[in-house]
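The structure appears right after this line, and notes come after that.
Letters A, B, ... are given to chains in the order of the sequence lines, protein chains preceding strands, and every chain is numbered from 1.
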There are 2 protein chains.
Amino acid sequence: MSTGTTLANIRNLLHQSGFKLTPQREATVLVLLENEKDHLSAEEIYMLVKKKSPEIGLATVYRTLEMLTELKVVDKVSFNDGLSRYDVRKEGAKHFHHHLLCLECGSIEEVEDDLLGDVELIVEKKYHFLVKDHRLTFHGICSKCQLKKKEQAVLDKEAAATTLP
Amino acid sequence: MSTGTTLANIRNLLHQSGFKLTPQREATVLVLLENEKDHLSAEEIYMLVKKKSPEIGLATVYRTLEMLTELKVVDKVSFNDGLSRYDVRKEGAKHFHHHLLCLECGSIEEVEDDLLGDVELIVEKKYHFLVKDHRLTFHGICSKCQLKKKEQAVLDKEAAATTLP
DNA sequence: TTTATATTAATAATCATTATAAATTAAAAA
DNA sequence: TTTTTAATTTATAATGATTATTAATATAAA
Ligand SMILES: [Mn+2]
Ligand SMILES: [Mn+2]
Ligand SMILES: [Zn+2]
Ligand SMILES: [Zn+2]
């Protein structure tokens, strides 16, 4: 059902680049693939990998993530919360997807649409900058939190109506 | 000559929010204004502030930066180099400007153009996400480094022509 | 002036990440 | 197969950025 990145693909990519897919690396890759919608930190990945391979070391996870970032299997992203998070790059997608970060609940939604084509052209023409990649995150309020706020506003109004005559 | 943020503006803003502009805070704000094109880290700001007020403490700089971020006087940004950088928000500009990060030389160029209007509309319509702010950074090769690369390619070709007959 | 509050400096503590060194594993050579 | 070499890993120490703590100082209120 998925056109996405598979373990076999990644194994080939590593071999082509002169690396081997050790059991530790395989366990790390599997955790990433099993959670591809998430944006896990190194520590979170480490905890999940330990369930499969309890003997793995944190430094190995960091080294593996660095390698996977180098090979563009994952993208390292930062949402201004003081640590790096890792995002599996979709196999088909030429461009990196975008993010919607909710300022209320902290949720992160993914946007796969290719929205920056025109913008990149402007940047290349006007600034003579050769674009290779991008990072785009919108900060705002997710639909759930907008609803919650509306409901709260209704409750507040009712409460005001009963206390003040 | 500048429609930008001034010390007086910031003093007012602090007072409105119930803070005072202490000498330490003033020194920190001045350093930020004197380097508004840069993207200084807390440590770099601390070093510059120490020239004006050698007795200032690093924690005070951090606290001041946190306050200024809260008041939207500065934006806290991260370029995946492991630390936070601070960017003075232009007074007039409603939207946060964009960045061009060169993967060769590490330089950061600013893009003031409002490029995301249409994109934000799509996000609001399709994802029902209420956009408040954004972060957009392009990764690529700056014009200088493109030139350097071209020149190097010419030199390489010449060298190959003289060694191999 | 006395008292309360805000702010600061100095420093310790924490958290994420990287470096180091010894041990283990896998590949290559003999 | 044994020996040697290189790659990889684990455990742990070190580092670097940021945050928390605490006692001192400055400012405002009573
Ligand atoms: Mn993502
Ligand atoms: Mn900037
Ligand atoms: Zn939300
Ligand atoms: Zn460059």
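- When distances are taken from the side chain of A:L83 to each of C:dA16, D:dA17, C:dA6, the shortest belongs to C:dA16.
- Protein atom CG of B:N80 is 12 Å distant from nucleotide atom P of C:dT18, rounded to whole Å.
- Residues from residues 47-78 of chain A with heavy atoms under 4.0 angstrom of DNA chain C, sorted by number: A:L58, A:A59, A:Y62.
- Using a 4.0 Å heavy-atom criterion, one finds that B:S84 contacts the sugar-phosphate atoms exclusively.
- For residues 24-34 of chain A, every residue pair satisfying the side-chain hydrogen bond (donor to acceptor under 3.5 Å, both in side chains) rule, not counting sequence neighbours, is listed here: A:E34-A:K52.
- Taking 4.0 angstrom as the limit, B:T22 places a side-chain polar atom (N or O) nearer than this to OP1 or OP2 of C:dT8.
- For the pair B:Y46 OH and D:dT18 P, the computed distance is 14 Å after rounding to whole Å.
- Among residues two or more places apart in sequence or in another chain, the ring pair (Phe, Tyr, Trp, His ring centres under 6.0 Å) test is passed with A:F79 by A:H39, A:H99.
- Relative ring orientation between A:F138 and B:H134 is described as perpendicular, the plane-to-plane angle rising above 60° on a 0-90° scale split at 30° and 60°.
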Compile the donor-acceptor pairs under 3.5 Å between side chains in residues 56-73 of chain B and protein atoms, sequence neighbours left out, one pair per line.
| from | atom 1 | to | atom 2 | distance (Å) |
| --- | --- | --- | --- | --- |
| B:T64 | OG1 | B:T60 | O | 2.8 |
| B:T69 | OG1 | B:L65 | O | 2.7 |

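- For B:E104, the side-chain hydrogen bond (donor to acceptor under 3.5 Å, both in side chains) partners are B:K149, not counting sequence neighbours.
- Looking at which nucleotide of DNA chain D each of B:P23 and B:A42 is closest to, the 5′-most match is held by B:A42.
- With rounding to whole Å, B:E43 atom CD is found 15 Å from D:dT15 atom P.
- Contact check on A:E110 versus A:K90 returns a salt bridge, with a Lys/Arg side-chain nitrogen under 4.0 Å from an Asp/Glu carboxylate oxygen.
- Under the salt bridge (charged side-chain N to carboxylate O under 4.0 Å, His left out) criterion, A:K126 pairs with B:D113, not counting sequence neighbours.
- Distances shorter than 4.0 Å separate some side-chain N or O of A:Q24 from OP1 or OP2 on D:dT10.
- One atom, CG of B:L14, and another, P of C:dA6, lie 16 Å apart when rounded to the nearest Å.
- Rounded to a whole Å, the CZ atom of A:R85 is 12 Å from the C1' atom of C:dA16.
- In this entry the distance linking NE2 of A:H15 with P of D:dT8 reads 10 Å, nearest Å.
- In this structure, CZ of A:F19 is placed 17 Å from C1' of C:dT25, rounded to the nearest angstrom.
- Rounded to whole angstrom, the span from the NZ atom of A:K20 across to the P atom of C:dA26 amounts to 8 Å.
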